[in-house]
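Only one structure is covered here, and it is reproduced in the block below.
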Amino acid sequence: MIKLLRVDHRLLHGQVVVSWFDNVGANTILVANDAVANDEFRKSAIRLAKPENAKLVMKSIDDSIGAINSGVTDKYQMLIVVESVEDAEKLIRGTQGQITSLNLGGTKPREGTKNYSKTINLTELEADLLAGLQQDGVEVYIQQIPSESKQKFEK
């Protein structure tokens, strides 16, 4: 069962671990990221941030989609973290309705981005992808930590 899908350019860090993992009742963290899946150094660094009571899995986006669609992840209460809006959109579309909401936690300022909140900076393409998800019934919201109120994403 997918408890939360979060976009955070930092992937796994203290805020995710402390605030979200326990809050959503997860027992497993899936870091879905193509670069991390092929980088042993980054995997090692991410393992250091894992809570003791958590199972940690790091897979590419395509492998994550395959695992979710196969049912092998059904026995877990998963917090999924992706690095980008593009990865989130691909994961949501690829899992065919199994993910119904998307938490925007952090996207760093880059050239060509517009600021939507203190932690969310999006390109026009990213904003369009999010608007498309919303049109298809996916709840897209900005919420850095669970104690903050959800802010509906609006393009």
Side-chain angles (χ1 to χ4, degrees), residues 2-26 28-51 54 56-65 67-68 78-155:
I2 298 165
K3 296 297 213 171
L4 179 72
L5 171 59
R6 177 178 171 89
V7 174
D8 195 320
H9 69 273
R10 298 168 292 177
L11 291 173
L12 196 59
H13 59 92
Q15 186 175 13
V16 170
V17 173
V18 173
S19 299
W20 287 107
F21 184 75
D22 289 334
N23 183 272
V24 300
T28 302
I29 299 169
L30 170 60
V31 175
N33 182 274
D34 293 341
V36 168
N38 297 308
D39 186 334
E40 289 306 317
F41 180 77
R42 284 187 75 187
K43 283 182 182 179
S44 295
I46 289 171
R47 283 186 194 105
L48 295 175
K50 177 189 86 68
L56 175 64
V57 179
M58 293 174 269
K59 292 184 172 290
S60 69
I61 298 296
D62 286 338
D63 288 347
S64 297
I65 291 168
I68 292 166
M78 286 196 310
L79 164 62
I80 304 173
V81 184
V82 296
E83 191 172 38
S84 70
V85 168
E86 291 91 343
D87 286 350
E89 195 258 354
K90 185 175 180 182
L91 193 66
I92 291 168
R93 301 265 184 229
T95 55
Q96 304 150 0
Q98 295 186 63
I99 301 170
T100 58
S101 67
L102 174 60
N103 169 261
L104 301 176
T107 57
K108 62 185 171 187
R110 295 154 284 144
E111 188 173 328
T113 60
K114 176 183 171 188
N115 182 262
Y116 286 81
S117 79
K118 63 183 177 181
T119 61
I120 302 299
N121 302 278
L122 302 170
T123 64
E124 187 70 23
L125 172 63
E126 291 167 332
D128 287 344
L129 291 174
L130 294 173
L133 288 171
Q134 285 177 316
Q135 286 178 341
D136 292 339
V138 176
E139 176 191 28
V140 180
Y141 63 95
I142 299 167
Q143 187 179 17
Q144 198 169 13
I145 56 175
S147 61
E148 292 180 353
S149 296
K150 286 182 179 181
Q151 174 190 337
K152 181 182 175 183
F153 170 76
E154 294 184 22
K155 184 174 174 200

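The figures that follow rest on heavy atoms only: side chains count, while hydrogens, waters and symmetry mates do not.
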Within the side chain of [X], is there an N or O that forms a donor-acceptor pair under 3.5 Å with the backbone of [Y]?
X: K43; Y: V36; answer: no
X: Q143; Y: P146; answer: yes
X: Q144; Y: G106; answer: no
X: D34; Y: S60; answer: no
X: T119; Y: G105; answer: yes
X: Q134; Y: F153; answer: yes

Any chance you could measure [X], atom [atom1], to [Y], atom [atom2], to the nearest 0.5 Å?
X: L12; Y: R6; atom1: CG; atom2: CZ; answer: 10.5 Å
X: I29; Y: L56; atom1: CD1; atom2: CG; answer: 6.0 Å
X: I142; Y: I120; atom1: CD1; atom2: CD1; answer: 5.5 Å
X: S44; Y: M58; atom1: OG; atom2: CE; answer: 7.5 Å
X: L122; Y: T113; atom1: CG; atom2: OG1; answer: 7.5 Å
X: H9; Y: T107; atom1: NE2; atom2: OG1; answer: 8.0 Å

- Message: Side chains of L130 and L104, heavy atoms from C-beta outward: is any pair under 4.5 Å?
- Response: yes
- Can you check whether L30 reaches S64 side chain to side chain, under 4.5 Å on heavy atoms? yes
Closest heavy-atom pair and its distance - [X], [Y]:
X: K90; Y: I61; answer: CD-CG2, 3.7 Å
X: I65; Y: G94; answer: CG2-O, 3.4 Å
X: A32; Y: V82; answer: O-CG1, 3.6 Å
X: V138; Y: I92; answer: CG2-CG2, 4.0 Å
X: A26; Y: M78; answer: CB-C, 4.4 Å
X: L102; Y: A88; answer: CD1-CB, 3.8 Å

- Message: Any salt bridge linking K155 with E124? Criterion: basic side-chain nitrogen under 4.0 Å from a carboxylate oxygen.
- Response: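 So K155 pairs with E124 through a salt bridge.
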- What's the verdict on side chain to side chain contact (heavy atoms under 4.5 Å, CB included) for V31 and E83, showing C-alpha distance, side-chain angles and the deciding distance? CA-CA 9 Å; V31 175; E83 191 172 38; over 6 Å; no
- With I80 as reference, evaluate I68, V7, N103, V57 under the side chain to side chain contact (heavy atoms under 4.5 Å, CB included) test and give the passing residue. I68
